[in-house]
Amino acid sequence: MRFMRYRSTGKAVFSVKYHVIWCPKYRRGVLGGAAELRLKQIIGEVVAEVGGMVIEVATMPDHVHLLVELPPQVAVCKLVEVMRGRSSRRLRREFGYLARMTCLWAPSWFVSTVGGAPLEVVQPNVENQKLTAARTRTA
């Protein structure tokens with residue numbers, strides 16, 4: 001299964017996945033055709049530059065969904081900032097109908113972590129570690 005694999009760097013083993021959503025300003029339905037394909041290319045370039053991996057990109061005319069895996073030293077907010085900034089500049093420069101927009105993207109965006117064990121599984125495990133450590137100290 002694609003979600004259960006771990007990646008590694010020289011210092012860390014990780015599985016850090018995010019679901020990111022953002023929209024054009026005023027939710028204008030401007031993402032389609034060649035602009036959609038170019039946006040996907042730009043997203044792929046930016047994610048590759050930081051050592052991440054695009055798992056899935058889905059674009060609708062009025063919003064973008066991105067499922068991405070990032071190394072732990074990459075802040076998702078910086079990735080989104082670079083991705084949106086670069087794509088806004090390039091898309092407005094390359095596509096005339098977008099050039100008249102002073103700002104392509106709405107200022108807000110959504111992010112959620114994906115994968116891993118649910119909190120209901122992790123929390124008891126952490127509590128169990130505390131109990132085990134306490135028993136070890138007293139023995």
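Values in this document were obtained by computation on a predicted structure and should not be read as measured data.
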Once you round to the nearest 0.5 Å, how far does [atom1] of [X] lie from [atom2] of [Y]?
X   : Y   : atom1 : atom2 : answer
T59 : E36 : OG1   : CD    : 3.0 Å
L66 : W22 : CG    : CH2   : 5.0 Å
L67 : Y18 : CG    : OH    : 12.0 Å

Regarding E56 and K17, does a basic nitrogen lie under 4.0 Å from an acidic carboxylate oxygen? no
Judged by atom type as modelled, is there a donor-acceptor pair below 3.5 Å linking the side chain of R92 to the main-chain atoms of S88?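 Indeed, once roles are kept as given, a pair shorter than 3.5 Å links the two residues.
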Do you know the tightest heavy-atom contact between [X] and [Y]?
X   : Y   : result
G32 : Y97 : O-OH, 4.0 Å
Y6  : V13 : CB-CG1, 3.9 Å
D62 : C23 : O-CB, 3.6 Å
I21 : H63 : CG2-CD2, 4.4 Å

side-chain contact (heavy atoms from CB on, under 4.5 Å) assessment of Q73 paired with K11: CA-CA 10 Å; Q73 66 270 23; K11 298 180 181 181; over 6 Å; no
Test salt bridge (charged side-chain N to carboxylate O under 4.0 Å, His left out) on E94 and R89; report intermediate values, then the result. CA-CA 9 Å; E94 296 173 18; R89 283 188 305 278; over 6 Å; no
Quick one: does [X]'s side chain get under 4.5 Å of [Y]'s, heavy atoms only?
X   : Y   : answer
P71 : F14 : yes
V68 : I55 : no
S15 : E69 : yes

Distance-only criterion, 3.5 Å: show the donor-acceptor pairs between side-chain atoms of residues 101-114 and protein atoms not counting sequence neighbours.
from : atom 1 : to  : atom 2 : distance (Å)
W105 : NE1    : R84 : O      : 3.1
W105 : NE1    : S87 : OG     : 3.0

List the atom pairs, with distances to 0.1 Å, where a side-chain N or O of residues 39-48 and a protein N or O form a donor-acceptor pair under 3.5 Å, not counting sequence neighbours.
from : atom 1 : to  : atom 2 : distance (Å)
Q41  : OE1    : R38 : NH1    : 3.3
E45  : OE1    : R90 : NH1    : 2.8

Answer yes if L70 and V82 sit in the same cluster of Ile, Leu, Val, Met, Phe, Trp and Tyr residues linked by side chain heavy atoms under 4.5 Å apart, and no otherwise. yes
